Chemist: 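Shown below is the structure under consideration.
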Amino acid sequence: MNFLKPLNTPITDWHGRSVWLIGASSGIGLATAKALHAAGAKVVVSARKADLLQQFVDAHPGAQAVVLDVSDAVAITQAAKYVQAQQGLDVVMYCAGYYVPVRASDYSLSEMLRHLDINYTGALRVLDAVLPELLPQQRGHISFISSVAGFRGLPQSLAYGPTKAALINLAEALYYDVSPHGIGVSVINPGFVETPLVAGNDFPMPALISSTKAAQEILKGWRKGEFQIHFPKRFTRMLLLLRMLPYRWYFALVRRGTGM
């Protein structure tokens, strides 16, 4: 076994390659769509907000938009077939995300389930739609935007963190099944990125980066054939180390660092 070999086939040339980004009307998804279009990819963006998608299409000749709600399994299946028929499916990226701070003192089942539906179950619906298209062609790549919040439990992340942890585990399990069929899998674990998702945070966000920088890091990770793409490294490497600590140390350090 070659432990130095990339886990995925490196994607070094985007010219003519089809990419479908689901949840790309803003934030990291939108920035990545822009970067891919500039690199020569055939880009299809999906989200619920038709006006924002149209703005992207108007500014990026050749791009297409498919209005989509990730809670609608039938619509996702129809969209996958449409994209496959129009330009093929080379890379599918699940960017949809939802976040509001939740703690036990303001526990809301509806918020818990909303996070679950958008952040995780939506990804399952996309897999249900694209795997029958990708497996027969024996090539392609599936990418999920997760978060460092999925590494271990964090304060104010009672609803968000578990869905991201599930997404990381899903990507790991999926890799075993599809990599022998020539299909790559990557999970993207950003730290704090300047997006509408975190605009309401009332606490310091260390190593905050722009969505444009995040998109550059994602393309760099694909170019290297990485399975886990995490950034900014000066922050995410610290969290990866915390992931290895015994719970007694971990809880104490996080409480001290966050004041909670």
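Just so it is clear, the structure is predicted and the values come from calculations on it, not from any experiment. Because only heavy atoms are used, hydrogens play no part in the values below, and waters and symmetry mates are left out as well, while side chains stay in.
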Chemist: Do the side chain of Ser157 and the main chain of Gly153 share a donor and acceptor less than 3.5 angstrom apart?
Modeler: no
Chemist: Could you tabulate the donor-acceptor pairs under 3.5 Å formed by side-chain atoms of residues 44-56, not counting sequence neighbours?
Modeler:
from: Ser46; atom 1: OG; to: Trp20; atom 2: NE1; distance (Å): 2.9
from: Ser46; atom 1: OG; to: Val66; atom 2: O; distance (Å): 2.9
from: Gln54; atom 1: NE2; to: Asp58; atom 2: OD1; distance (Å): 2.8

Chemist: Does the plane of the ring in Trp14 sit parallel, tilted or perpendicular to the ring in Trp222? Use 30° and 60° as the thresholds.
Modeler: tilted
Chemist: Does Phe227 have any side-chain contact (heavy atoms from CB on, under 4.5 Å) partners at least two apart in sequence or in another chain, and if so, which?
Modeler: Leu7, Asn8, Ala171, Glu172, Tyr175, Val185, Val187
Chemist: Count the heavy atoms of every other residue, nucleotide or ligand shown that sit under 6.0 Å from NZ of Lys224, and state whether that count exceeds 12.
Modeler: no
Chemist: For the rings on Tyr160 and Tyr99, is their centre-to-centre separation under 6.0 Å?
Modeler: yes
Chemist: Tyr82 and Gln87: side-chain donor and acceptor closer than 3.5 Å?
Modeler: no
Chemist: Under the side-chain contact (heavy atoms from CB on, under 4.5 Å) criterion, do Tyr107 and Leu158 qualify, and how do the steps go?
Modeler: CA-CA 9 Å; Tyr107 186 87; Leu158 196 61; 3.8 Å; yes
Chemist: Salt-bridged, Glu111 to Arg114, with N to O below 4.0 Å?
Modeler: no
Chemist: Hey, any chance Ile22 and Val74 share a hydrophobic cluster, counting ILVMFWY side chains that come within less than 4.5 Å of each other, even indirectly?
Modeler: no
Chemist: State whether the side chain of Ser18 and the backbone N or O of Gly88 hold a donor-acceptor pair below 3.5 Å, judged by distance alone.
Modeler: yes
Chemist: What residues, two or more places apart in sequence or in another chain, satisfy side-chain contact (heavy atoms from CB on, under 4.5 Å) together with Ala75?
Modeler: Leu68, Asp72
Chemist: Which one of Asn119, Val92, Leu127, Asn189 satisfies the side-chain contact (heavy atoms from CB on, under 4.5 Å) criterion with Phe144?
Modeler: Leu127
Chemist: Flag the pair Asp90 / Arg139 as yes when at least one side-chain heavy-atom distance between them is below 4.5 Å, and no otherwise.
Modeler: yes
Chemist: I would like to know whether Ile11 and Arg17 meet side-chain contact (heavy atoms from CB on, under 4.5 Å); could you show each step before the answer?
Modeler: CA-CA 10 Å; Ile11 305 175; Arg17 195 182 294 267; 3.5 Å; yes
Chemist: Does Lys213 pair with Glu194 as a salt bridge, N-O distance under 4.0 Å?
Modeler: no
Chemist: With a 4.5 Å cut-off on side-chain heavy atoms, are Pro190 and Phe231 touching?
Modeler: yes
Chemist: Could you pull out all donor-acceptor pairs under 3.5 Å where a side-chain atom in residues 28-41 meets a protein atom, sequence neighbours excluded?
Modeler:
from: Thr32; atom 1: OG1; to: Ile28; atom 2: O; distance (Å): 2.7
from: His37; atom 1: NE2; to: Pro61; atom 2: O; distance (Å): 2.8

Chemist: If you apply the rule side-chain contact (heavy atoms from CB on, under 4.5 Å), what do you find for Ile218 with Met93, and how did you get there?
Modeler: CA-CA 11 Å; Ile218 291 168; Met93 184 178 185; 4.0 Å; yes
Chemist: Hey, mind stepping through Leu124 and Asp128 against side-chain contact (heavy atoms from CB on, under 4.5 Å) and telling me if it holds?
Modeler: CA-CA 6 Å; Leu124 301 186; Asp128 186 57; over 6 Å; no
Chemist: Less than 3.5 Å apart, which donor and acceptor atoms pair up between the side chains of residues 235-248 and the rest of the protein, not counting sequence neighbours?
Modeler:
from: Thr236; atom 1: OG1; to: His230; atom 2: ND1; distance (Å): 2.6
from: Thr236; atom 1: OG1; to: Pro232; atom 2: O; distance (Å): 3.2

Chemist: Check Lys164 against Ala96 and note the closest heavy-atom contact, atom names and distance.
Modeler: NZ-O, 4.5 Å
Chemist: Taking Leu89 as the fixed residue, which of His141, Glu133, Lys81 is the one that meets the side-chain contact (heavy atoms from CB on, under 4.5 Å) rule?
Modeler: Glu133
Chemist: Could you tell me if the side chain of Glu226 sits less than 4.5 Å from the side chain of Ser186, heavy atoms only?
Modeler: no
Chemist: Do Ser110 and Ser108 have side-chain N/O donor and acceptor atoms under 3.5 Å apart?
Modeler: yes
Chemist: Any heavy-atom pair between the side chains of His60 and Val57 that's under 4.5 Å?
Modeler: no
Chemist: Taking ring pair (Phe, Tyr, Trp, His ring centres under 6.0 Å) as the test, write out the residues that go with Phe151, two or more places apart.
Modeler: none
Chemist: When you compare the side chain of Leu131 with that of Ile142, does any pair of heavy atoms fall below 4.5 Å?
Modeler: yes
Chemist: Do Asp69 and Arg125 meet the salt-bridge criterion of a basic N to acidic O distance under 4.0 Å?
Modeler: no
